[in-house]
Amino acid sequence: MSLPSRLERTAFARPTLTVARRLLGCVVWHRAGGEWRRGRIVEVEAYIGDGDLASHAANGKRTPRNRIMFGPAGFAYVYFTYGMHHCFNVVTETDGRPGAVLIRGLDGIARAAGPALACRALQLTLRDNGRDLVTDPALWIEPGRRRRDERVVQTTRIGIRKSVDLPYRFYLLDSPGVSRRDRAAESALRG
DNA sequence: CACACGATGCGCT
DNA sequence: GCGCATCGTGTGG
């Protein structure tokens with residue numbers, strides 16, 4: 001049995017909104033503490049620089065924390081917040097341009113609805129910040145497939161105070177790992 | 001150096 | 001719906 005394939009650099013080095021949508025259905029693999037953790041991505045949010053005031057890279061400003069967002073695509077951006085939670089992002093865009101996709105919900109792994117729970121389920125912490133998902137032997141993203149009925153819902157992001165109207169959140173309709181559903185967006189999608 | 005606050009989750013009302 | 005735990009990080013003095 002061979003190891004699963006993984007997304008390569010070119011899959012991440014694209015516009016953040018494109019990567020966000022395409023990550024839905026893909027599977028994160030992480031070997032930690034002698035065990036494999038894996039979860040299928042069912043909810044994500046895009047964060048960029050230009051015009052996105054909710055982003056850690058708002059206004060294109062570099063800080064020690066967000067520097068990984070400005071680097072080459074395909075690296076893990078893990079940050080710590082609220083004194084107790086970690087969140088896991090995948091860096092996007094070309095080198096020099098900030099961008100990341102926040103992993104907000106996983107299926108196939110226990111209690112992983114919400115970014116902090118998803119990060120905990122994957123056993124990722126600040127120490128994993130900057131790992132290369134393209135070359136790391138114990139952390140990567142497997143290409144995914146979606147069933148025809150797994151429609152992609154696009155809506156606004158959660159838990160932010162700025163740029164609240166940007167439709168930068170994507171999730172798979174009817175997936176259990178989705179943290180919060182948008183009924184209006186869903187009925188519009190269903191037509 | 002001091003301080004305000006956050007890309008959250010949980011328990012209680 | 002609301003309060004709160006708990007600390008890394010950014011900002012300003």
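Note on naming: letters A, B, ... go to the chains in the order of the sequence lines (proteins, then strands), and numbering restarts at 1 for each one. Everything quoted here is computed from the prediction, not taken from an experiment.
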Go ahead and write out DNA chain B as dot-bracket, 5' to 3': ( ) for pairs within the strand, [ ] for ones crossing earlier pairs, | when the partner sits on another strand, dots for unpaired; Watson-Crick or G-U wobble, both distances under 3.5 Å.
-> ||||||.|||||.

Please confirm whether any donor atom in the side chain of Tyr79(A) sits under 3.5 Å from an acceptor in the base of dA7(B), or the reverse.
->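 Side chain to base: pair found, below 3.5 Å.
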
Could you tell me whether the phosphate oxygens of [N], OP1 or OP2, come under 4.0 Å of any side-chain nitrogen or oxygen in [X]?
X         : N      : result
Thr81(A)  : dA7(B) : no
His85(A)  : dG9(B) : no
Arg104(A) : dT8(B) : yes

Whole-angstrom distance between dA2(B) and dT6(C), as gauged at atom P |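 It comes out at 22 Å once rounded to the nearest Å.
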
Closest nucleotide among [options] to the [X] side chain:
X         : options                 : value
Phe80(A)  : dG8(C), dA7(B), dC10(B) : dG8(C)
Ala116(A) : dG9(B), dA7(B), dT11(C) : dG9(B)
Cys87(A)  : dC10(B), dT8(B), dG8(C) : dT8(B)
Met84(A)  : dA5(C), dA7(B), dT11(C) : dA5(C)
Leu126(A) : dT9(C), dG6(B), dT6(C)  : dT9(C)

Quick one: does Glu43(A)'s side chain have a donor or acceptor within less than 3.5 Å of a partner on Ser179(A)'s backbone?
->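 Yes, the answer is positive, given that a donor and an acceptor are paired below the 3.5 Å cut-off.
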
Per the salt bridge (charged side-chain N to carboxylate O under 4.0 Å, His left out) rule, which among Arg151(A), Arg147(A), Arg181(A) passes with Asp174(A)?
->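 Going through Arg151(A), Arg147(A), Arg181(A) one by one, the salt bridge (charged side-chain N to carboxylate O under 4.0 Å, His left out) with Asp174(A) is satisfied by Arg181(A) alone.
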
Protein-nucleotide distance ([X], atom [atom1]; [N], atom [atom2]), rounded to Å:
X         : N       : atom1 : atom2 : value
Arg111(A) : dT8(B)  : CZ    : P     : 17 Å
Met69(A)  : dG10(C) : CE    : C1'   : 15 Å
Arg157(A) : dG6(B)  : CZ    : C1'   : 14 Å
Arg161(A) : dT8(B)  : CZ    : C1'   : 14 Å
His56(A)  : dT11(C) : NE2   : P     : 12 Å
Leu102(A) : dT8(B)  : CG    : C1'   : 11 Å
Tyr82(A)  : dA4(B)  : OH    : P     : 17 Å
His86(A)  : dG6(B)  : NE2   : C1'   : 14 Å

Could you tell me whether Arg6(A) and Asp132(A) make a salt bridge, using a distance below 4.0 angstrom between a side-chain N and a carboxylate O?
->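 Judged by the 4.0 Å cut-off on N to carboxylate O distance, Arg6(A) and Asp132(A) do not form a salt bridge.
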
Taking NZ, NE, NH1 and NH2 as the nitrogens, is one of them in Arg157(A) or Asp52(A) under 4.0 Å from a carboxylate oxygen of the other?
->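 A salt bridge is present here (some side-chain N lies under 4.0 Å from a carboxylate O).
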
Select base, sugar-phosphate, or nothing to describe what [X] touches, counting heavy atoms under 4.0 Å on all strands.
X         : value
Ile160(A) : sugar-phosphate
Arg65(A)  : sugar-phosphate
Lys162(A) : nothing
Ala54(A)  : base
Tyr47(A)  : base

Single hit among Phe12(A), Phe75(A), Trp140(A) for side-chain contact (heavy atoms from CB on, under 4.5 Å) with Val134(A) |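 Single side-chain contact (heavy atoms from CB on, under 4.5 Å) partner of Val134(A) among Phe12(A), Phe75(A), Trp140(A): Phe12(A).
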
Test applied, side-chain contact (heavy atoms from CB on, under 4.5 Å); reference residue, Tyr47(A); option that passes from Ile160(A), Asn66(A), Thr92(A) =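 Of the listed options, the one satisfying the test is Ile160(A).
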
Between Glu186(A), Arg104(A), Arg180(A), Glu45(A), which is the residue that forms a side-chain hydrogen bond (donor to acceptor under 3.5 Å, both in side chains) with Tyr171(A)?
->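 For Tyr171(A), the side-chain hydrogen bond (donor to acceptor under 3.5 Å, both in side chains) check succeeds only for Glu186(A).
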
Do Tyr77(A) and Tyr79(A) have their ring centres less than 6.0 Å from each other?
->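 Here the rings of Tyr79(A) and Tyr77(A) have centres that are less than 6.0 Å from each other.
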
